[in-house]
Amino acid sequence: MTNRLNGSKRSGVAPFIAMDVMRDATALERQEGRRIIHLEVGQPSTQAPQIVREAAARALASDRLGYTDALGTPALRERIARYYADRHGLDLAPERVVVTPGSSGGFILAFLACFDPGARVAISEPGYPAYRNILLALGLEPVGIAVGAETRWSLTPELIEEAERRHGRIAGVLVASPANPTGTMLTPEALAALSQACARQGRWFISDEIYHGISFGAETATALASSDDALVVNSFSKYYCMTGWRLGWVVVPERLVRPIERLAQNLFIAPSSIAQAAGVVAFDATAELDANVAVYAANRKLLLDALPEAGLTRFAPADGAFYLYADVSKLTNDSTDFCHRMLHQAGVAATPGLDFDPLNGATTVRFSFAGTTADMEEAVARLKRWLA
């Protein structure tokens, strides 16, 4: 009789519920032929910019598309560094840029380079669920800090200090601006205060800036403007509409470049060569990309104006990204069941708040408005009929 082998404890992380909802919605479309309105994932409805697709076609036709340097091609690293000069007025050495297989690969490299097993890392709740689950899978301890309207859904130095008194030494802090799921943004002053407080306390500071480029009147700031010790994660997925290309980057302090290079060599070998060839030109597609942002702005306004008519009246401040984080406490105290019924009965897919906040997410739902305006209009019409 053979012993039954079980998976590791680290593999027992919670699911990424938004992806589960997308899987179920896709199954309904395939099996029942229904048209589902997808508001569950942060997936731009548009293709990658035309010049990006053309660059990929040229690379496919003329390049052998072999391995690149583990840290990325020199051309892309230099172009990313120039992005910080053009957008933020920063003189950034290209050697500090690490090209990664999506921002997810960037988080894995950053966490491994900065933290030993058992280290505590502060994150906000609500927050992006993969932060918590990647930390757990790597043997680290996420310290969820509840945020709400009183701090505009953002971490503060005071909240971090209070969490350290309760939980013990916090080795690092991870923030996002614009944030997922709330869309809330930190002011440049607030971002600088957080990064400088971490520097004083000897904590690593990691800033998720993957939604830069998608904001609605507020100013986006980078942590690199206030700290050379901050790690900044960014991606081609959101503003650049390249989700499936799996291409991102991390800017790291000089002393972490070689440790991260060793990790990247062993974990990933190299980022996708065709995606890197295309990514170099993505920064030159701002006219096309800003037109997409104008659609997101119209979608945001449409939902903020129309959802209250369906009974959804309270939202976190949606300063950027393409999400509305809605309070549904007047309608349910079980957001998972609510979203399940909304999908099957109304044909509208959205993500329950428990994905982002395991303690307090039972009365919240996240809606993505990254789709077409026609889809937003149809979603509102369906929700009004369903909730009536």
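One is the number of the first residue; the rest follow in order along the sequence.
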Would you please test Glu78 and Arg82 for salt bridge (Lys or Arg N to Asp or Glu O under 4.0 Å) and show each step? CA-CA 6 Å; Glu78 290 167 3; Arg82 181 152 63 90; over 6 Å; no
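- With a 6.0 Å radius and a threshold of 12 heavy atoms from other residues, nucleotides or ligands, Arg10 has its CZ atom at or below the threshold.
- Leu324 places none of its side-chain heavy atoms less than 4.5 Å from the side chain of Leu312.
- Between Phe107 and Leu231 the shortest side-chain heavy-atom distance does not fall below 4.5 Å.
- Separating the CZ atom in Arg366 from the CZ atom in Phe356 is a distance of 3.5 Å, to the nearest 0.5 Å.
- Glu29 has no carboxylate O lying under 4.0 Å from a charged side-chain N of Arg35, or vice versa, which leaves the two without a salt bridge.
- A donor-acceptor pair under 3.5 Å is absent between the side-chain atoms of Asp69 and the main chain of Leu71, judged by distance alone.
- Judged purely by atom type and a 3.5 angstrom limit, Ser227 has no side-chain atom pairing as donor or acceptor with the backbone of Ala223.
- Classified by interplanar angle (parallel below 30°, tilted 30° to 60°, perpendicular above 60°), the ring pair Trp249/Phe283 is tilted.
- A distance-only check finds a donor-acceptor pair linking the side chain of Ser8 to the backbone of Ser11 [under 3.5 Å].
- The distance from the OG atom of Ser237 to the CH2 atom of Trp245 is 11.5 Å, given to the nearest 0.5 Å.
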Please lay out, stage by stage, how Thr156 and Thr151 fare under the test side-chain hydrogen bond (donor to acceptor under 3.5 Å, both in side chains). CA-CA 8 Å; Thr156 65; Thr151 63; over 6 Å; no
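- Partners of Arg34 according to the side-chain contact (heavy atoms from CB on, under 4.5 Å) rule, which considers only residues two or more places apart in sequence or in another chain, are Leu28, Glu32, Ile36.
- A chain of hydrophobic side-chain contacts below 4.5 Å, direct or via other Ile, Leu, Val, Met, Phe, Trp or Tyr residues, connects Ile260 to Leu135.
- Heavy-atom contacts from other residues, nucleotides or ligands closer than 6.0 Å to CZ of Arg64 number 12 or fewer.
- Using bins of under 30°, 30° to 60° and over 60° for the plane-to-plane angle, the ring pair Phe16/Tyr128 lands in the perpendicular bin.
- Of the possible donor and acceptor atoms, one in the side chain of His212 sits under 3.5 Å from a partner among the backbone N and O of Ala221.
- The cluster map of Ile, Leu, Val, Met, Phe, Trp and Tyr, joined by side-chain heavy atoms under 4.5 Å apart, puts Ile206 and Ile145 in different clusters.
- Side-chain atoms of Asp327 do not come within 3.5 Å of backbone N or O of Arg314 as any donor-acceptor pair.
- Proximity of a side-chain donor or acceptor of Lys238 to a complementary backbone N or O of Gly42 within less than 3.5 Å is detected.
- Residues passing the side-chain contact (heavy atoms from CB on, under 4.5 Å) test with Leu5, sequence neighbours excluded: none.
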Under the ring-ring contact (aromatic ring centres under 6.0 Å, His included) rule, what do Phe315 and Trp153 come out as? Steps first, then yes or no, please. CA-CA 11 Å; Phe315 309 95; Trp153 303 87; over 10 Å; no
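- Put simply, Val233 and Val257 are part of the same group of oily side chains (I, L, V, M, F, W, Y) that touch within less than 4.5 Å, one to the next.
- Between Trp386 and Val348 there is no side-chain heavy-atom pair separated by less than 4.5 Å.
- With hydrogens and angles disregarded, no donor-acceptor distance shorter than 3.5 Å links the side chain of Ser215 to the backbone of Gly217.
- When side chains are defined from C-beta on, Val250 does not count as touching Leu109, because their heavy atoms never get closer than 4.5 Å.
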Go through His88 and Tyr83 one step at a time and tell me if the side chain to side chain contact (heavy atoms under 4.5 Å, CB included) criterion holds. CA-CA 8 Å; His88 298 288; Tyr83 158 85; 4.3 Å; yes
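- Under the 4.5 Å side-chain criterion, counting only non-hydrogen atoms from C-beta, Thr372 is not in contact with Val295.
- Counting non-hydrogen atoms of neighbouring residues, nucleotides and ligands closer than 6.0 angstrom, the CG atom of Asp91 reaches no more than 12 such neighbours.
- Salt bridge annotation for Arg79-Asp284: present, with a cationic side-chain nitrogen under 4.0 angstrom from a carboxylate oxygen.
- Between Pro129 and Ile17, the closest side-chain pair of non-hydrogen atoms is not below 4.5 Å.
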Worked check of ring-ring contact (aromatic ring centres under 6.0 Å, His included) between Tyr211 and Tyr323: CA-CA 11 Å; Tyr211 291 98; Tyr323 307 113; 5.6 Å; yes
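- Comment: Arg255 engages Asp229 in a salt bridge, judged by a side-chain N to carboxylate O separation of less than 4.0 angstrom.
- For Glu261 and Arg258, the salt-bridge test passes: some basic side-chain N is under 4.0 Å from an acidic carboxylate O.
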Is there a side-chain hydrogen bond (donor to acceptor under 3.5 Å, both in side chains) between Asn180 and Tyr325? Walk through the geometry before answering. CA-CA 9 Å; Asn180 177 8; Tyr325 196 58; over 6 Å; no
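- The backbone N or O of Glu209 lies less than 3.5 Å from a partner atom in the side chain of Asn234, making a donor-acceptor pair.
- Other residues, nucleotides and ligands contribute over 12 non-hydrogen atoms within 6.0 Å of the CD atom of Glu150.
- Inter-residue side-chain proximity for Pro178 and Ile214 is flagged as unmet; no heavy-atom pair is nearer than 4.5 Å.
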In sequence, state the C-alpha distance, the side-chain angles, and the governing distance for Val147 and Ser154, and then conclude on side chain to side chain contact (heavy atoms under 4.5 Å, CB included). CA-CA 6 Å; Val147 296; Ser154 300; 5.8 Å; no
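- Residue Arg246 holds its CZ atom at 6.5 Å from OG of Ser103, rounded to the nearest 0.5 Å.
- Atom CE of residue Met22 and atom CD of residue Glu40 lie 7.0 Å apart, to the nearest 0.5 angstrom.
- A salt bridge links Asp319 with Arg152; the closest basic N to acidic carboxylate O contact falls under 4.0 Å.
- At least one donor-acceptor pair under 3.5 Å links the side chain of Glu164 to the backbone N or O of Ile170.
- In this structure, Thr46 OG1 and Tyr296 OH are separated by 4.5 Å, a value rounded to the nearest 0.5 Å.
- Taking Thr73 as the reference, Thr68, Ala75, Leu76, Gln276 meet the side-chain contact (heavy atoms from CB on, under 4.5 Å) condition, with sequence neighbours excluded.
- Salt bridge annotation for Arg382-Glu378: present, with a cationic side-chain nitrogen under 4.0 angstrom from a carboxylate oxygen.
- A donor-acceptor contact shorter than 3.5 Å links the side chain of Glu288 to the backbone of Gln50.
- Look at Arg203 and Glu161 and you find a salt bridge, because one of the NZ, NE, NH1 or NH2 atoms lies within 4.0 Å of a carboxylate O, short of that distance.
- At a cut-off of 3.5 Å, with distance as the only test, no side-chain donor of Asn333 or Thr363 sits close to an acceptor on the other residue.
- The CG atom of Leu186 lies 8.0 Å from the CG atom of Leu155; values are rounded to the nearest 0.5 Å.
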